[in-house]
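What you see is a predicted model; the values in this text were computed from it and never measured. Computed over heavy atoms, backbone and side chain alike; hydrogens, waters and symmetry mates excluded.
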Amino acid sequence: MEHFPLFASDWSVLIKLSIVTILIIFIMVAIYDRFIQRKNQLLINYPLIGRLCYFFYMLRGPMRQYFGDETFYDSFEKLLWINKVAKKESPYLSFSPTKPYANQMILFKHANFVKEVDEVQEAFSVTFGEKRKIPYISRSIIGRSAMSDGAISPEGTRAFSIGAYKGQFPINTGEGGLTSNFLASLNVEDCNCTDYLEIRKGTVFARSVYRLLCFFSNKEIAQRVYRKMVVRQKDRGTFIFDNKKLLYFRIDWTQDLSYFPTEVPHSVPDITFQMGSGLYGVRDEKGEFDAERYRKVMRFCRMTEVKLAQGAKQTGGKLLAVKVSDDIAYYRGIPAHKDLISPNRFPYAKDMDTFFDFISELQELSDKPVGFKIVISTREDFERYAEVLKERKDAGKSIVDFLTIDGGDGGSATAPLEMMSKIGLPIRAALQIVIEVLETYGLRDNIRVIAAEKVLTPDDVIELLCYGADFINIARGFMISAGCIRARECSGAGGRNCPVGLATMDEGKRSKYLVLQKAKSVANYHHELLYGIRSLLAVMGKSSVNELSMNDLNQR
């Protein structure tokens with residue numbers, strides 16, 4: 001008992017010293033601001049206090065989602081819905097949303113006599129490339145839109161890939177190409193032949209450490225430690241973990257095509273390979289298209305999407321040096337740790353004939369569906385595509401199997417501000433043009449239409465289906481389900497990185513990302529999207545999405 005007063009006295013002295021130290025630091029900063037620095041006028045006039053302005057400005061983006069209105073979206077409730085269903089929580093609201101009609105100019109017509117949900121189709125499917133030797137039959141009408149491994153962290157890509165496999169929906173590689181992380185659900189025994197694999201085996205000691213960590217902590221931590229013990233630093237984002245045999249492996253693209261599987265392994269998700277202007281993943285040492293490498297890639301993918309443009313970025317992709325790690329350099333065949341600015345124009349799209357001949361070449365090489373991604377600006381511009389496609393069809397030549405239409409109100413983690421909202425039509429106006437033109441030229445039955453732009457919830461999906469889309473790609477919604485808090489630090493510029501480790505190559509942040517947990521959240525989100533679509537169809541008196549049309553919409 002005699003020691004307690006002394007103990008309290010020690011704490012009192014420590015607190016006083018801390019206060020004095022802080023005051024000294026504040027005084028030194030104030031002197032520096034007022035009398036030494038000559039770069040900031042505000043800090044000269046308001047030393048120390050003026051720094052609060054920059055402190056709160058720094059927090060403005062990351063904290064916006066907690067204390068400000070999400071004005072970019074229809075309502076905060078849409079984001080809340082995603083977060084709830086991703087966790088398998090009840091998404092039901094009490095009272096009403098903050099903005100009941102938001103900015104929506106379109107409302108759905110409900111039926112006089114509605115249906116029960118179990119009377120609505122349960123399985124949704126779209127067939128791409130019916131005339132191809134290997135057509136693709138999707139198991140959903142929703143897919144994760146193009147997001148490259150590199151723009152997304154390796155851990156984030158693994159979570160999306162495993163989630164897509166569990167949820168049975170397709171995932172687009174983005175223009176960064178196919179990487180090992182898209183095959184995260186694959187195991188060695190699923191490969192049939194191991195001659196095209198590069199394998200890293202852990203020692204008995206390393207495997208023992210892994211098992212002990214699984215027992216005393218969790219699989220995420222155990223795998224993080226095990227990966228460091230088995231795979232060298234610069235290759236850690238390129239190897240797949242086999243949780244059955246406790247080894248790491250990646251595809252050895254230098255091996256002969258004959259070693260590669262003739263069919264897509266059953267344990268990987270349905271993957272759409274996107275080919276951008278940089279030809280990443282299918283380029284040779286000179287940066288030109290490598291047909292043999294493309295054929296190898298397509299042994300793991302269901303179809304190909306050639307990217308000409310996207311809503312927020314009418315140029316090639318941009319990846320800042322901070323994101324161009326050794327892993328990304330390995331995949332893309334480019335120098336590491338340097339800004340990666342892809343060409344504006346796709347190299348085989350100098351004119352219509354050249355471009356569509358290249359599309360036909362890809363179809364012949366892969367025997368699978370091939371389409372391209374564009375942004376619509378005018379009817380006249382799109383009609384030029386339709387005219388050439390019609391001529392090729394009449395001449396007995398192959399034409400594209402699908403079109404991906406990205407609305408001008410889309411987004412991107414790294415895009416010029418001047419292009420984010422000033423180029424291209426919004427998706428609804430674009431879809432009206434595309435559907436009308438394809439029908440006019442007799443091409444609608446031959447070409448599937450994929451739509452993408454700011455889709456979050458089931459009502460967004462239904463509306464685009466009413467406008468004529470066959471399939472919907474979603475980026476933001478899946479990002480939020482995977483843990484994105486919309487801090488808007490995706491690019492890595494200025495040394496600021498995604499705080500949750502989803503869209504950064506920063507080792508410290510991405511190593512804490514919970515891959516398996518977020519994979520479940522991604523699958524949950526997709527599942528609830530489909531259930532919400534069925535619920536809306538029931539209220540609208542529809543049994544199938546094929547019954548939807550513009551007649552089911554009310555203009556406000």
(request) Dump the intermediate steps for side-chain contact (heavy atoms from CB on, under 4.5 Å) on Met479 and Met147, then the final yes or no. (result) CA-CA 10 Å; Met479 285 288 288; Met147 288 186 273; 3.5 Å; yes

(request) Establish, yes or no, whether a centroid distance under 6.0 Å links the rings of Tyr226 and Tyr210. (result) yes

(request) Applying ring pair (Phe, Tyr, Trp, His ring centres under 6.0 Å), run through Phe402 and Phe471 and close with a yes or a no. (result) CA-CA 10 Å; Phe402 66 92; Phe471 190 91; 9.2 Å; no

(request) Output yes when a side-chain donor or acceptor of Thr354 lies under 3.5 Å from a complementary backbone atom of Ala349, and no otherwise. (result) no

(request) Ignoring hydrogens and angles, tell me if any N or O in the side chain of Glu528 forms a donor-acceptor pair with the backbone of Asn524 under 3.5 Å. (result) no

(message) Tell me if the centroids of the rings in Phe169 and Phe478 come within less than 6.0 Å of each other.
(response) yes

(message) Strictly distance-based, threshold 3.5 Å: is any side-chain N or O of Arg345 a donor or acceptor partner for the main-chain N or O of Lys350?
(response) no

(request) Keeping the roles fixed (side chain from Arg476, backbone from Leu456), state whether a donor-acceptor pair exists under 3.5 Å. (result) no

(request) Consider only side-chain N and O atoms of Gln223 and Asn243, and report whether a donor and an acceptor are under 3.5 Å apart. (result) no

(message) More than 12 heavy atoms of other residues, nucleotides or ligands under 6.0 Å from NZ of Lys219: yes or no?
(response) no

Donor-acceptor contacts under 3.5 Å from residues 154-161 side chains, at least two apart:
from: Glu155; atom 1: OE1; to: Arg510; atom 2: NE; distance (Å): 2.8
from: Glu155; atom 1: OE2; to: Arg510; atom 2: NE; distance (Å): 3.4
from: Glu155; atom 1: OE2; to: Arg510; atom 2: NH2; distance (Å): 3.4
from: Thr157; atom 1: OG1; to: Asp149; atom 2: OD1; distance (Å): 3.4
from: Thr157; atom 1: OG1; to: Ser153; atom 2: O; distance (Å): 3.2
from: Arg158; atom 1: NE; to: Asn181; atom 2: OD1; distance (Å): 2.7
from: Arg158; atom 1: NH2; to: Asn181; atom 2: OD1; distance (Å): 3.3
from: Ser161; atom 1: OG; to: Phe182; atom 2: O; distance (Å): 2.6

(request) Apply side-chain contact (heavy atoms from CB on, under 4.5 Å) to Val268 and Phe300, showing your working. (result) CA-CA 8 Å; Val268 300; Phe300 302 94; 5.7 Å; no

(request) Quick one: pull up CZ in Phe241 and CG in Asn187 and give me the separation to the nearest 0.5 Å. (result) 9.0 Å

(request) Output, in order, the C-alpha distance, side-chain angles, deciding distance and verdict of side-chain contact (heavy atoms from CB on, under 4.5 Å) for Ser180 and Phe239. (result) CA-CA 6 Å; Ser180 300; Phe239 278 83; over 6 Å; no

(request) Look only at the side chain of Asn83 and the backbone of Leu80, and say whether a donor-acceptor pair between them is shorter than 3.5 Å. (result) no

(message) Main chain of Met298, side chain of Lys368: is a donor-acceptor contact present, judged purely on distance under 3.5 Å?
(response) yes

(message) Check whether Lys78 reaches the backbone of Thr457 with its side chain - one donor and one acceptor, N or O, closer than 3.5 Å.
(response) no

(message) Distance alone, cut at 3.5 Å: any donor-acceptor contact between the side chains of Glu305 and Gln274?
(response) yes

(request) Indicate yes or no: at least one non-hydrogen side-chain atom of Phe260 is less than 4.5 angstrom from one of Arg295. (result) no

(message) Quick check against the 3.5 Å criterion: does Lys296 have a side-chain atom that pairs as donor or acceptor with the backbone of Gln255?
(response) yes

(message) Side chains of Ile142 and Val455, heavy atoms from C-beta outward: is any pair under 4.5 Å?
(response) no

(message) Given 3.5 Å as the limit, does a donor-acceptor pair link the side chain of Thr173 with the main chain of Phe273, or not?
(response) no

(message) Just to verify, which of Tyr294, Tyr348, Phe372 counts as forming a side-chain contact (heavy atoms from CB on, under 4.5 Å) with Met275?
(response) Tyr294

(request) Check whether any side-chain N or O of Asp401 sits under 3.5 Å from a backbone N or O of Val370 as a donor-acceptor pair, and report yes or no. (result) yes

(request) Verify the distance criterion only: is there a donor paired with an acceptor across the side chains of Thr238 and Arg250 at less than 3.5 Å? (result) yes

(message) Check for me whether the distance between the ring centres of Phe358 and Phe289 falls short of 6.0 Å.
(response) yes

